[in-house]
Undergrad: 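Okay, handing you the structure first.
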Number of protein chains: 2
Amino acid sequence: MTEKIPIGAKTFLYPMPTVLVGADVEGEPNYLTVAYCGIIHAVPPMISIALGKPHYTNIGIKQNMSFSVNIPSAEMVEVTDYCGIVSGRRIDKNGLFTSFYGRTKTAPMIEECPLNLECTVRQILDFDGTNEIFIGEIVEAYSRDEYLTNNLPDIEKINPICFSMHDNRYFSLGSYIGKAWQIGRDYKKP
Amino acid sequence: MTEKIPIGAKTFLYPMPTVLVGADVEGEPNYLTVAYCGIIHAVPPMISIALGKPHYTNIGIKQNMSFSVNIPSAEMVEVTDYCGIVSGRRIDKNGLFTSFYGRTKTAPMIEECPLNLECTVRQILDFDGTNEIFIGEIVEAYSRDEYLTNNLPDIEKINPICFSMHDNRYFSLGSYIGKAWQIGRDYKKP
């Protein structure tokens with residue numbers, strides 16, 4: 001093996017998800033493309049999203065203390081990317097999708113996305129840097145029969161977008177390589 | 001389109017990363033497989049990991065207030081899965097890998113993983129539920145020339161593992177589908 005080299009303190013995590021975060025801003029649905037998103041708690045189910053501080057969406061999340069995480073399919077990569085380029089301050093992104101609401105009544109969700117997570121804000125973290133971190137509790141998830149297998153979301157049917165940060169590339173999901181808590185059960189070091 | 005249906009409040013995020021979290025526990029390196037991991041801050045670079053409270057690794061993170069996030073390649077799926085099945089309380093997982101240290105001197109990293117993030121703990125969150133959430137600042141990242149393109153990690157060379165939660169399946173990365181902040185630039189709603 002060649003030697004390990006320090007490559008700088010940067011946000012190198014692979015793969016990252018690609019989601020559309022939804023919030024009502026001044027009463028109108030707005031959607032922002034986000035890769036800083038991760039599950040942080042099992043029971044209750046909680047998720048974190050981190051948004052650059054100047055974003056329009058942040059205003060709406062704080063107004064309603066709710067937001068949505070919508071998972072687009074790879075077929076939606078162009079509109080997904082577009083939502084990360086244009087600001088809701090200039091463009092009505094609501095018109096790009098059909099929005100629907102769930103239990104919170106204030107977190108708009110995208111009908112066209114295979115999977116939607118409806119969240120209420122549990123905490124907002126601010127480390128005096130570039131981002132605001134919204135910690136949300138997932139109060140309900142929504143999908144359609146065509147994306148489920150055994151009543152669970154099927155990642156192959158959802159066909160999500162994988163993101164590579166810093167070189168800014170989108171990828172599709174690849175092939176099944178093994179069952180978790182099983183494929184390694186009998187592992188022995190060679 | 002068929003109708004949206006509520007599918008329950010669960011941690012449905014796709015794809016999730018698959019990482020090995022490292023910490024010295026009682027002075028010995030230990031590694032745990034984790035999918036609850038996400039970037040939460042750009043500058044300074046910060047990452048969150050969430051571990052079930054009973055895990056052995058948590059003890060070491062708190063002892064040293066440091067941890068590592070190691071990204072295994074798909075070729076390492078068996079040993080990666082194994083590290084999520086067996087506890088460091090029973091099995092010496094250090095022996096599975098060659099460990100190295102960086103600036104913190106206390107966050108062990110895995111030589112065999114294409115990419116390593118060395119982190120110091122900035123905050124620990126506890127929502128009185130199943131998990132402890134460790135928010136880390138990435139103080140350095142490490143890789144090898146063979147995994148870089150233009151001095152940045154190349155996700156295709158790293159070949160990371162994508163995780164599908166709840167049905168517990170590992171997937172490889174698929175193919176390139178577009179450039180971010182570019183492919184959607186001229187998007188028009190059909």
Side-chain angles (χ1 to χ4, degrees), chain A residues 2 4 6-7 9-15 17 36-45 48 50 71 74 77-79 81-82 85 96 129-131 133 138-145 152-153 155 158 160 162 164 166-168 170-178 180-181 183-184 187 189, chain B residues 2 4 6-7 9-15 17 36-45 48 50 71 74 77-79 81-82 85 96 129-131 133 138-145 152-153 155 158 160 162 164 166-168 170-178 180-181 183-184 187 189:
Chain A
T2 55
K4 286 276 181 186
I7 57 172
K10 289 193 179 147
T11 53
F12 295 131
L13 179 66
Y14 303 90
Y36 288 3
C37 177
I39 295 296
I40 57 161
H41 208 266
V43 183
S48 70
I71 300 181
V77 67
E78 291 187 11
V79 67
D81 190 53
Y82 181 75
I85 293 173
L96 300 170
T130 45
N131 296 80
I133 302 156
I138 300 166
V139 296
E140 189 56 87
Y142 304 85
S143 188
R144 290 198 193 88
D145 273 334
L152 286 174
I155 193 172
I158 292 170
C162 305
S164 169
H166 299 284
D167 60 354
N168 304 331
Y170 298 119
F171 287 82
S172 64
L173 188 77
S175 50
Y176 172 72
I177 56 172
W181 289 284
I183 190 175
Y187 177 79
K189 193 181 176 189
Chain B
T2 55
K4 286 276 182 186
I7 58 171
K10 290 194 179 145
T11 54
F12 295 132
L13 179 66
Y14 303 90
Y36 288 3
C37 178
I39 296 294
I40 57 161
H41 208 265
V43 183
S48 70
I71 301 182
V77 67
E78 290 187 12
V79 67
D81 190 51
Y82 181 75
I85 293 173
L96 300 170
T130 45
N131 296 81
I133 302 156
I138 300 167
V139 296
E140 189 55 86
Y142 304 85
S143 188
R144 289 199 193 88
D145 273 335
L152 287 173
I155 193 171
I158 292 170
C162 305
S164 169
H166 299 285
D167 60 356
N168 304 332
Y170 297 118
F171 287 83
S172 64
L173 188 77
S175 51
Y176 173 72
I177 56 172
W181 289 284
I183 190 175
Y187 178 79
K189 194 182 175 187

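This is a predicted model, so every value here is computed, not measured. Every chain is numbered from 1, with letters handed out A, B, ... down the list of sequences.
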Undergrad: Side chain, backbone, both or neither: which part of B:V139 has a heavy atom under 4.5 Å from chain A?
TA: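 Contact with chain A involves the backbone of B:V139 alone.
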Undergrad: In terms of heavy-atom pairs under 4.5 Å, which option from B:D167, B:I138, B:V77, B:N131 contacts chain A the most?
TA: B:N131
Undergrad: Among B:A9, B:A50, B:G38, which residue forms the greatest number of heavy-atom pairs with chain A at distances under 4.5 Å?
TA: B:A9
Undergrad: Under 4.5 Å heavy-atom distance to chain B, tell me which part of A:I158 shows up: side chain, backbone, both or neither.
TA: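 A:I158 touches chain B through side-chain heavy atoms alone.
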Undergrad: For A:Y82, check ring pair (Phe, Tyr, Trp, His ring centres under 6.0 Å) against everything at least two apart and list the hits.
TA: B:Y187
Undergrad: Is B:I39 close to A:Y36 at the side-chain level, that is, under 4.5 Å between some pair of heavy atoms?
TA: yes
Undergrad: Does any part of the side chain of B:Y14, heavy atoms only, come nearer than 4.5 Å to the side chain of A:L173, both counted from C-beta?
TA: no
Undergrad: Given the options B:P160, B:S143, B:P44, which has more heavy-atom pairs under 4.5 Å with chain A than any of the others?
TA: B:S143
Undergrad: Report which part of B:I133 has an atom under 4.5 Å of a heavy atom belonging to chain A: side chain, backbone, both, or neither.
TA: side chain
Undergrad: For chain B, find which of A:W181, A:Y176, A:F171 contributes the most heavy-atom pairs closer than 4.5 angstrom.
TA: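 Most heavy-atom pairs under 4.5 Å with chain B: A:F171.
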Undergrad: Which bit of A:L13 is near chain B, if near means a heavy-atom gap under 4.5 Å: side chain, backbone, both or neither?
TA: both
Undergrad: For A:Y170, check ring pair (Phe, Tyr, Trp, His ring centres under 6.0 Å) against everything at least two apart and list the hits.
TA: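 Ring pair (Phe, Tyr, Trp, His ring centres under 6.0 Å) list for A:Y170, sorted by chain: A:F163.
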Undergrad: Does any N or O in the side chain of A:S172 come within less than 3.5 Å of the main-chain N or O of B:G174, such that one atom is a donor and the other an acceptor?
TA: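 Such a contact is absent between A:S172 side chain and B:G174 backbone.
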Undergrad: Checking the side chain of B:T11 only, and the main-chain atoms of A:A42 only, is there a donor and an acceptor separated by less than 3.5 Å?
TA: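 Not a single qualifying donor-acceptor pair exists.
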Undergrad: Relative to chain B, which segment of A:L152 carries a heavy atom at a distance below 4.5 Å: side chain, backbone, both, or neither?
TA: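 Looking at A:L152, just its side chain touches chain B.
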Undergrad: For B:S48, is it the side chain, the backbone, both, or neither that has a heavy atom closer than 4.5 Å to a heavy atom of chain A?
TA: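 Answer is side chain: those atoms of B:S48 sit under 4.5 Å from chain A.
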Undergrad: Heavy atoms only, distances under 4.5 angstrom: which of A:A141, A:A74, A:C37, A:G129 has the most pairs with chain B? Name it, please.
TA: A:A141
Undergrad: What's the shortest heavy-atom distance between B:P15 and A:P17, and which atoms?
TA: O-CB, 3.7 Å
Undergrad: Checking heavy atoms, do the side chain of B:I155, its backbone, both or neither come under 4.5 Å from chain A?
TA: both
Undergrad: Could you tell me which portion of B:I71 (side chain, backbone, both or neither) has an atom closer than 4.5 angstrom to a non-hydrogen atom of chain A?
TA: side chain
Undergrad: For the atom pair CD1 (B:I183) and CG (A:N168), what is the distance rounded to the nearest 0.5 Å?
TA: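 It is 13.0 Å, given to the nearest 0.5 Å.
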